[in-house]
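Report on the following structure.
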Amino acid sequence: GAGVSQTPSNKVTEKGKYVELRCDPISGHTALYWYRQSLGQGPEFLIYFQGTGAADDSGLPNDRFFAVRPEGSVSTLKIQRTERGDSAVYLCASSGVRRGGLYNEQFFGPGTRLTVL
Amino acid sequence: GESVGLHLPTLSVQEGDNSIINCAYSNSASDYFIWYKQESGKGPQFIIDIRSNMDKRQGQRVTVLLNKTVKHLSLQIAATQPGDSAVYFCAENTGGFKTIFGAGTRLFVKA
């Protein structure tokens, strides 16, 4: 089956504009995560969904960032009044039910590269 | 795709040699540790994980070692191949779902 997909792959916008980034998780995965990765750094946790609800949004940097997952599948990360510092690769990951392993393995999408001019 | 980790610590090894990538973690309460591999233009890919009550775990060509006394994690790759060239991240998890990634190491494999 298909892996995690993210659209668009690249997004260029101007400072102050609104953007939406979409994530399609692996079918059946109940958990969905958003991360932000700046050049030369590891992914930075933003938010985690279990089903439709945001179980942990402690990583969202400020109230310009918001994410939804209305039907427990596709998720959209929304950024208002974008700033140049928001430029980064935004990664989405999903995970399913733990099957006796140590960890709910997260499967990552290829990311959306956001550039704010 | 975008190249990640342009200014990361770098490890260069000869094909066929063993590689050791090290990581220091910060949270003594973390109970799971994971190694990820990230190739240019792609998202991170799970390699191997280890629980805090273990000190060693082996996979296919990879071994993870955990030293909780000094909060140190290492990834050993046996018989390194050109396809192993990537950025490697360690990550820690406190048993929930929030995963904290380290800074990463770029591995170059010379043919």
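Side chains included, hydrogens not; waters and symmetry mates left out as well; all remaining heavy atoms used. Quick note on labels: first sequence line is chain A, next is B, and so on, each numbered from 1.
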Exercise. Ring centroid separation for A:F45 and B:F101, is it under 6.0 angstrom?
Worked result: no
Exercise. What's the spacing between A:Y33 OH and B:K98 NZ if we round to 0.5 Å?
Worked result: 13.5 Å
Exercise. Got a sec: does the CZ of A:F66 have more than 12 other heavy atoms crowding it under 6.0 Å?
Worked result: no
For this session: Consider only side-chain heavy atoms of I, L, V, M, F, W and Y, link residues closer than 4.5 Å, and tell whether A:V89 and A:L77 are in one cluster.
Result: no
Problem set entry | Over 12 non-hydrogen atoms of neighbours within 6.0 angstrom of CD in B:Q14 | yes
Exercise. Does some side-chain heavy atom of B:F89 sit less than 4.5 Å from a side-chain heavy atom of A:Q41?
Worked result: no
Problem set entry | A:E44 portion near chain B, given a 4.5 angstrom heavy-atom threshold | neither
Seminar exercise, completed: For B:P44 and A:L91, the nearest pair of non-hydrogen atoms, with its separation, is CD-CD1, 3.9 Å
Exercise. Transitively linked via ILVMFWY side-chain contacts under 4.5 Å: B:I47 with B:Y25?
Worked result: yes
Exercise. What pairs with A:R64 under salt bridge (charged side-chain N to carboxylate O under 4.0 Å, His left out), at least two apart in sequence or on another chain?
Worked result: A:E83, A:D86
Exercise. With a 4.5 Å limit on heavy-atom distance, are the side chains of B:Y36 and A:Q106 in contact?
Worked result: yes
Exercise. From B:K42 NZ over to A:F108 CZ, what is the distance, rounded to the nearest 0.5 angstrom?
Worked result: 15.0 Å
